[in-house]
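Sharing a structure below in structure tokens format, with a few things to ask.
The basis for the numbers below is simple: all heavy atoms, side chains too, and nothing from hydrogens, waters or symmetry mates.
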Amino acid sequence: MKKSRKTYILLGLVLAIWGVLGFRIVKTLNPPEEKNEVVSGVTADLPVVIKKRDTFSIAANYRDPFLGTLPKKQRSAKATAKKETVAPKRTIAYQGSVATNGTKSRLFFVTVDGQQHVFEKGKEIDGVTLIRGSEKSIKVKYNNHIETHSLNQ
């Protein structure tokens with residue numbers, strides 16, 4: 001008789017739990033009607049205060065855990081937009097050359113901006129450097145710019 005008593009108590013408990021669950025489901029599916037009250041004559045036109053949203057940005061400048069490298073820094077637009085001052089182009093004319101007696105070195109006659117100069121290989125005059133030369137042409141450098149000039153006759 002003890003077994004049947006425990007069974008009846010457990011059966012009553014299960015029925016009570018299922019009853020509560022069933023009641024909640026039915027109450028959710030069929031809610032009671034809400035009473036709407038109409039309030040007239042009260043209107044408030046208050047200005048709405050809009051708060052400006054606080055923004056933030058994430059700076060991901062930390063070491064990559066997989067590669068072990070840091071991100072490359074990007075150049076700003078101001079640094080890349082710098083204008084380089086371009087030096088004016090110089091007028092250079094190769095007039096000829098003369099071999100010196102007993103040596104392999106040559107002297108080159110070069111007109112730079114209307115003034116004639118005598119150059120040797122590697123010599124710099126008035127910002128113009130003679131890099132190499134032959135009887136037919138010379139190669140000069142000025143303002144980090146290299147030009148080749150042929151013999152004018």
When you look at V128 and E124, which way does the side-chain contact (heavy atoms from CB on, under 4.5 Å) test go after all the steps?
CA-CA 5 Å; V128 178; E124 180 178 346; over 6 Å; no
- Message: Looking at E135, I want to see if its CD is surrounded by more than 12 non-hydrogen atoms of other residues, nucleotides or ligands under 6.0 Å.
- Response: no
Here the gap from I131 atom CD1 to K141 atom NZ, rounded to the nearest 0.5 Å, amounts to 6.5 Å
Okay, side chain of D113, backbone of R90: is any donor-acceptor separation there less than 3.5 Å?
-> no
For Q116, look at atom CD and say whether over 12 heavy atoms of other residues, nucleotides or ligands are found less than 6.0 Å away.
yes
What one should report as the nearest heavy-atom pair of I146 and K139 is CG2-CG, 3.5 Å
- Salt bridge E120-R106, side-chain N to carboxylate O under 4.0 Å: no
Worksheet entry | Evaluation steps, side-chain contact (heavy atoms from CB on, under 4.5 Å), between I138 and V110 | CA-CA 9 Å; I138 60 168; V110 180; 3.7 Å; yes
Check: F108 and L130 side chains under 4.5 Å, non-hydrogen atoms = yes
* Asked: Honestly curious: do L107 and Y94 fall in one hydrophobic cluster under the side-chain, below-4.5 Å linking rule?
  -> no
Rounded to the nearest 0.5 angstrom, the CG-OH distance for D126 and Y142 is 12.0 Å
All heavy atoms of S134 vs all of S97, minimum pair found to be O-OG, 4.4 Å
* To do: Given side-chain contact (heavy atoms from CB on, under 4.5 Å), test F119 with V112 step by step and report yes or no.
  => CA-CA 11 Å; F119 279 87; V112 178; 4.3 Å; yes
Output for pair (T55 OG1, K52 NZ), nearest 0.5 Å, gives 8.0 Å
Practice item. Evaluate side-chain contact (heavy atoms from CB on, under 4.5 Å) for V140 paired with T129, printing each intermediate quantity in order. Key: CA-CA 6 Å; V140 293; T129 306; over 6 Å; no
Between the CD1 atom in I25 and the CG atom in N30, the distance rounded to the nearest 0.5 Å is 12.0 Å
Nearest heavy-atom approach of I125 to H117 is CG2-ND1, 3.6 Å
dist K3:NZ -> Y8:OH (nearest 0.5 Å) comes out at 13.5 Å
In this structure, CD1 of I17 is separated from CG of L13 (nearest 0.5 Å) by 4.5 Å
